[in-house]
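Worksheet: the structure to be examined is printed underneath.
In listed order, ligands and their atoms are each counted from 1.
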Amino acid sequence: SASFSIFPKEHPKKLMTCNEWDGLPKLPVPPLQQTLDMYLKCMGHLIPEEQFKKTKVVVEKFGAPGGMGEFLQKKLLERSEHTANWVYDYWLEDMYLSNRLALPVNSSPVMVFPKQNFRSQSDSLRFAAHLISGILEYKSLIDGRALPVDYARGQLAGTPLCMDQYNKVFTSYRLPGPKMDTLVAQKSTVMPEREHIIVACKNQFFVLDVVINFRRLNEKDLYTQLERIKKMSDIEEERLPPIGLLTSDGRTQWAEARSVLIKDSTNRDSLDMIERCLCLVCLDEPSGTEQTDTNRALLMLHGGGTDKNGGNRWYDKPMQFVIGADGCCGVVCEHSPFEGIVLVQCTEYLLRYMRGSPSKLVRAASMSELPAPRRLRWKCSPDIQTFLMASADKLQRLVKNLDMNVSKFTGYGKEFIKKQKMSPDAYVQVALQLTFYRCHGRLVPTYESASIRRFQEGRVDNIRSSTPEALAFVKAMGNSSKITVCSLKIELLWTAIKAQTNYTILAITGMAIDNHLLGLREIAKELKLEKPELFSDTTYATSIHFILSTSQVPTIEEMFCCYGPVVPNGYGACYNPQMDHIIFCVSSFRDSAETSSDLFVKTLEGCLKEMQDLCIKCNTEAKPADSTKRMDGTTKVMKNGSKA
Ligand code: COA
């Protein structure tokens, strides 16, 4: 039978904690001087000379023997002894919880599925029921600690990765706060409570119990319940205001609205149901726009605004599965509990599940007697109406402002780059630097997320891709080919790729500078010390204003990840390298006169072609002679960790 108990009494839910089962090492605290030297090296070529001279003095003072740096370093080392991961809380607050910006576009990444061909409403509901079955299956794997452990791929492949993030996929909730949000995690209980999903449909929220009397609903039951929800959402007289819009507002505004909302007990009950659900399933209305990759990405990022599906969301919940009646489907993800890579693993499981286990609807028996799904009620005071209007207005501005370009570069992919004996990721990063330079005539502090899941409770650190070596290369490429000879250009490309690869290795082994500097800054604050000058210096502010925010999110299944820029005058650039093509998702804001996603992508395509020409013409090292020795000096490490 498709119905069975997922939590038998003799097998209580047990959470995986990575330190418990895999003995991963703790994240190291890098040596102080190494970080300070690296900081200067990363910033020297990105700021005016005079400013750099001043910063150098500040940094030297901070790092002087017996100085503030040494003291804070000692405190950080102590902290690392009594925590599983010394940077985790600092990082979570800095990266997400204290950020006051609205979650859609600014923070929440999305996965965009290939367009689905639904011929009728029942097609989309069938898809939803099938997907929910997969979700429940996946959740039982997490709860039963039965997910296979992830292993590092690419650089330094073969080591196991911390699995802790998976525990948070269906159990967390980002509660808005006036100054800072809280990431609430439901702790496991021996006796599980009722499990439910919230289904959003026409801006209404419905409770769909997925476990009734200790039995998990089968696909047929789920379909029946979804059909009922759809019918309930059609009753115009019962429609309530689109409260979900409040969650798309700035975090402080939403916190304020929520504090008014919870004064009423009906609202409190409704909020409680949403906060404790496994995830949302958003049954979206057709958007009326052409289903291009770019348009589907936009719809996933902000729902298309108040006149489309903008209110059919609840952004605080980590997983929102969107199923559009027009076939526009994907996942919206609240980023604070886990990284895009975990999101990919989960969604790929679901897509494979749906392909591998054909829908059981046709053969299913007649419907069992199930209690009707429940509509969540809201009492909307005039104050709440005012908040709602403001939130709607804010979302509309965000929708108008987002400039997105999703593009498949088909010139070549990872295979060509590997044949050049170069790291594909480093190559793409250098191409992004060249593109930025071509568009803006300078380089800027750049963020590339690097996974530190090799360590207990590891999340990410930053690879600062705008290296001095990248600058030398992009400058040489700016010159007409007559002036800079091909051999010099390829040498500079090699040097830039080597620098990028070395920084990557530094970052994934816990030796990058961003987390370390953050730790030093935050521990000073915690100890109520005066803010060290290093952190009030303008160079520091510049260094963390990431005009270019990049991330590699590769997928096996056909889908792509994208997100918005992290600063008003910046770009978000997410890429998905495949063997023979690369998907780029570039975002920026129309408000900014400096940026243009279309121009960026067009320039990027040109840069990638030029780099290919350069490699074909001049990369004498691209022979397939010794396939283990690479030109960047590293040796290929096999997946089991042994050297090739
Ligand atoms: N010559 C030939 N092949 C090379 C090479 C070289 N010099 N250098 C690397 N390669 C190969 C690798 O062996 C790997 O092979 P595989 O496809 O068989 O696995 C492949 O090229 C890719 O390696 P590379 O491009 O160097 O990158 P990577 O996969 O190690 O990725 C990061 C680098 C930084 C992206 C990765 O370590 C990481 O941290 N990923 C997570 C990012 C993240 O968290 N994103 C989500 C944020 S929300």
With sequence neighbours excluded, residues passing side chain to side chain contact (heavy atoms under 4.5 Å, CB included) with T495:
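Expected list: E469.
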Contacts of Q345 that satisfy side chain to side chain contact (heavy atoms under 4.5 Å, CB included) - sequence neighbours left out:
Y138, D150, Y166
Does the residue K414 have a heavy-atom contact with ligand 1, meaning some pair of atoms that are separated by less than 4.0 Å?
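K414 counts as a contact of ligand 1 under the 4.0 Å cut-off.
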Tell me whether T501 reaches ligand 1 (any heavy atom closer than 4.0 angstrom to a ligand atom).
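Under 4.0 Å: no for T501.
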At less than 4.0 angstrom from any non-hydrogen atom of [X], what atoms of ligand 1 do you find?
{"X": "S551", "answer": "45 (N), 46 (C), 47 (C)"}
{"X": "I463", "answer": "34 (C)"}
{"X": "G340", "answer": "48 (S)"}
{"X": "T504", "answer": "34 (C)"}
{"X": "I508", "answer": "37 (O)"}
{"X": "A450", "answer": "39 (O)"}

So C486 and L614, do their side chains get closer than 4.5 Å, heavy atoms only?
yes
Just wondering, do P104 and L398 contact through their side chains at under 4.5 Å, heavy atoms?
yes
Is there a polar contact, in the sense of an N or O pair closer than 3.5 Å, between E448 and ligand 1?
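No, since none of the N or O atoms of E448 sits under 3.5 Å from an N or O of ligand 1.
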From [options] - option closest to [atom] by heavy atom:
{"atom": "atom 17 (O) of ligand 1", "options": "Q155, H335, R153, K418", "result": "K418"}
{"atom": "atom 33 (C) of ligand 1", "options": "D425, V344, L161", "result": "D425"}
{"atom": "atom 40 (N) of ligand 1", "options": "P424, A426, S451, S423", "result": "S451"}
{"atom": "atom 1 (N) of ligand 1", "options": "Q552, R459, K421", "result": "K421"}

Name of the residue among T501, T446, T550, T467 meeting side-chain hydrogen bond (donor to acceptor under 3.5 Å, both in side chains) with Q429
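The side-chain hydrogen bond (donor to acceptor under 3.5 Å, both in side chains) with Q429 is passed solely by T550 among T501, T446, T550, T467.
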Is a side-chain N or O of N85 found less than 3.5 angstrom from the main chain of Q456, in a donor-acceptor match?
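Yes; at least one donor-acceptor contact below 3.5 Å.
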Show, in sequence, the C-alpha distance, side-chain angles and deciding distance for D461 and M511, and conclude whether the side-chain contact (heavy atoms from CB on, under 4.5 Å) test is met.
CA-CA 9 Å; D461 204 338; M511 286 287 147; over 6 Å; no
With no hydrogens and no angle check, do the side chains of Q433 and Q500 hold a donor and an acceptor under 3.5 Å apart?
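Looking only at side-chain atoms, Q500 and Q433 do not form any donor-acceptor pair under 3.5 Å.
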Looking only at side chains, do S407 and E605 share a donor and an acceptor under 3.5 Å apart?
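Per modelled atom types, S407 and E605 side chains form a pair under 3.5 Å.
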